[in-house]
Amino acid sequence: MKRRKKGEYGYRNAHQHMEIGKVLFGIAAILVQLGARHFTDQEAMKNILTVMAILSALPTANVAAPLLASIKYRTPSRSFYEQLSAYEGKVSVLYDLILTSKEQIMPMDGIIIHPTGVYCYCSNPKLAADKAERFFNDLFRSHRLDPHVKILTGEKEFFKRAASLKPENEYEDDGSLGYTIQLLKDISM
């Protein structure tokens with residue numbers, strides 16, 4: 001099976017499966033260490049195994065916490081991907097990113113990075129789009145990028161915006177598109 005990278009279609013599901021595997025491995029390691037305590041009579045060895053089990057719980061919890069926060073957000077349907085992938089030659093597209101701020105989890109099913117702005121489709125019905133836009137615009141300003149982020153919560157509205165965009169090669173490339181793509185990947189779960 002091909003390993004999915006951030007921004008590729010199917011990344012969320014693949015990443016969640018990998019993280020579930022890590023959590024299960026961590027739990028198994030903890031149980032083995034605690035179980036091994038019963039096979040030794042030395043008190044010092046029992047204490048060492050107990051401490052090892054406790055220390056193994058920390059990295060397992062660090063993997064489990066973001067997994068639990070994002071487990072309900074799955075990769076969008078194949079038809080969504082096929083409809084959005086039709087624009088890939090015209091604009092830069094990212095799929096399946098989960099972006100977070102201090103207040104919100106934002107599952108971005110599709111992100112269009114274009115010289116006129118960044119257009120995101122978020123499938124979370126509870127998203128406060130205006131707060132999220134302010135967060136991203138401030139983030140972009142702090143990275144010296146143009147703060148033109150628009151978050152759309154309607155799929156039809158998102159595809160209407162995608163259809164209205166001119167090809168990005170008609171604009172002068174100042175290198176900010178590649179930087180924007182990398183920034184979005186870096187801040188994603």
Side-chain angles (χ1 to χ4, degrees), residues 1-27 57-88 91-114 117-140 142-143 145 147-163 165 177 179-189:
M1 186 173 134
K2 179 185 160 198
R3 183 174 175 169
R4 304 280 180 181
K5 295 179 184 172
K6 281 187 182 181
E8 290 181 358
Y9 178 77
Y11 173 74
R12 268 189 229 159
N13 288 352
H15 181 71
Q16 286 174 356
H17 289 123
M18 187 171 47
E19 296 300 291
I20 288 169
K22 288 178 185 178
V23 169
L24 292 176
F25 178 78
I27 291 170
L58 295 173
T60 303
N62 284 339
V63 172
L67 176 65
L68 290 174
S70 66
I71 197 82
K72 64 182 174 182
Y73 303 115
R74 310 295 295 167
T75 293
S77 68
R78 187 76 182 167
S79 64
F80 176 86
Y81 167 71
E82 289 168 357
Q83 191 173 356
L84 186 54
S85 66
Y87 297 101
E88 283 188 32
V91 297
S92 298
V93 179
L94 293 174
Y95 301 93
D96 272 4
L97 297 182
I98 297 178
L99 307 173
T100 59
S101 69
K102 290 180 181 178
E103 298 138 358
Q104 301 185 86
I105 296 175
M106 299 164 276
M108 301 297 181
D109 291 344
I111 301 175
I112 295 172
I113 299 92
H114 191 265
V118 176
Y119 306 98
C120 308
Y121 170 61
C122 181
S123 59
N124 183 355
K126 297 178 183 177
L127 178 76
D130 54 335
K131 282 184 181 180
E133 286 177 6
R134 276 195 303 275
F135 168 77
F136 286 114
N137 286 325
D138 291 344
L139 177 71
F140 278 40
S142 72
H143 285 271
L145 293 168
H148 298 290
V149 178
K150 182 70 178 157
I151 297 179
L152 308 164
T153 55
E155 193 173 319
K156 285 183 180 183
E157 183 183 9
F158 177 70
F159 284 113
K160 187 175 179 180
R161 170 58 82 179
L165 296 172
L177 290 180
Y179 185 66
T180 301
I181 290 168
Q182 193 56 49
L183 176 64
L184 290 168
K185 287 180 182 180
D186 289 345
I187 64 172
S188 173
M189 282 185 167

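Just so you know, these numbers use all the heavy atoms, side chains as well, and skip hydrogens, waters and symmetry mates. As the structure is a prediction and not an experimental result, all values here were calculated from the model.
Note: Leu177 CG to Gln182 CD = 13.5 Å, rounded to the nearest 0.5 Å. Distance check, rounded to the nearest 0.5 Å: OG of Ser92 to CD1 of Ile181 gives 4.0 Å. With rounding to the nearest 0.5 Å, the separation of CG in Asn137 from CG in Leu145 is 11.0 Å. Considering OG1 of Thr180 and CD1 of Ile111, their distance stands at 11.0 Å, rounded to 0.5 Å.
Considering every non-hydrogen atom in both Met106 and Ala132, the closest pair reads SD-CB, 3.5 Å. In terms of heavy-atom proximity, Asn124 sits nearest to Pro107 at CB-CD, 3.6 Å. When all heavy atoms of Glu133 and Val149 are compared, the closest pair comes out as CG-O, 3.7 Å. In terms of heavy atoms, Ser142 sits closest to Leu139 at OG-O, 2.7 Å. Considering every non-hydrogen atom in both Tyr73 and Ile105, the closest pair reads CE1-CG2, 3.6 Å. Closest heavy-atom contact between Leu127 and Thr153: CD2-CG2, 4.2 Å.
Using a 4.5 Å cut-off on side-chain heavy atoms (C-beta onward), Phe158 and Leu84 make contact. Proximity of Glu19 to Val23: side-chain heavy atoms (C-beta onward) are nowhere separated by under 4.5 Å. Side-chain contact between Tyr119 and Ile113 is absent, with no heavy-atom pair separated by less than 4.5 Å. You'll find the side chain of Val118 stays beyond 4.5 Å of the side chain of Phe136, heavy atoms only. Counting heavy atoms from C-beta on, the side chains of Met18 and Lys22 come closer than 4.5 Å. Using a 4.5 Å cut-off on side-chain heavy atoms (C-beta onward), Met108 and Asp96 make no contact. Using a 4.5 Å heavy-atom threshold, the side chains of Ile112 and Arg161 count as separate. Side-chain contact check for Ser79 versus Ser77: some heavy-atom pair is nearer than 4.5 Å.
Here Phe159 and Phe80 bring their ring centres to under 6.0 angstrom of each other. Taking the six-membered ring where the residue is Trp, the centroids of Tyr11 and Tyr95 are separated by 6.0 Å or more.
Checked by atom type and distance alone, the side chain of Glu88 never pairs as donor or acceptor with a backbone atom of Val93 at under 3.5 Å.
Looking at Arg78 and Glu82, a side-chain N of the basic residue comes within less than 4.0 Å of a carboxylate O on the acidic one, giving a salt bridge. Looking at Glu8 and Lys5, no side-chain N of the basic residue comes within less than 4.0 Å of a carboxylate O on the acidic one, giving no salt bridge.
The side-chain contact (heavy atoms from CB on, under 4.5 Å) search around Glu103 returns Ser101, Lys131, not counting sequence neighbours. Remark: Asn13 pairs with Gln16, His17, Arg74, Thr75 by the side-chain contact (heavy atoms from CB on, under 4.5 Å) rule, at least two apart or across chains. For Ser188, the side-chain contact (heavy atoms from CB on, under 4.5 Å) partners at least two apart in sequence or on another chain are Lys6, Leu97, Leu99.
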Requested in this report: Dump the intermediate steps for side chain to side chain contact (heavy atoms under 4.5 Å, CB included) on Tyr179 and His143, then the final yes or no.
Outcome: CA-CA 9 Å; Tyr179 185 66; His143 285 271; 3.1 Å; yes

Report task. Please report the C-alpha distance between Asp109 and Arg12 in whole Å, then the side-chain angles of each, then the deciding distance to 0.1 Å, and finally whether the side chain to side chain contact (heavy atoms under 4.5 Å, CB included) criterion is met. Result -> CA-CA 10 Å; Asp109 291 344; Arg12 268 189 229 159; 2.8 Å; yes

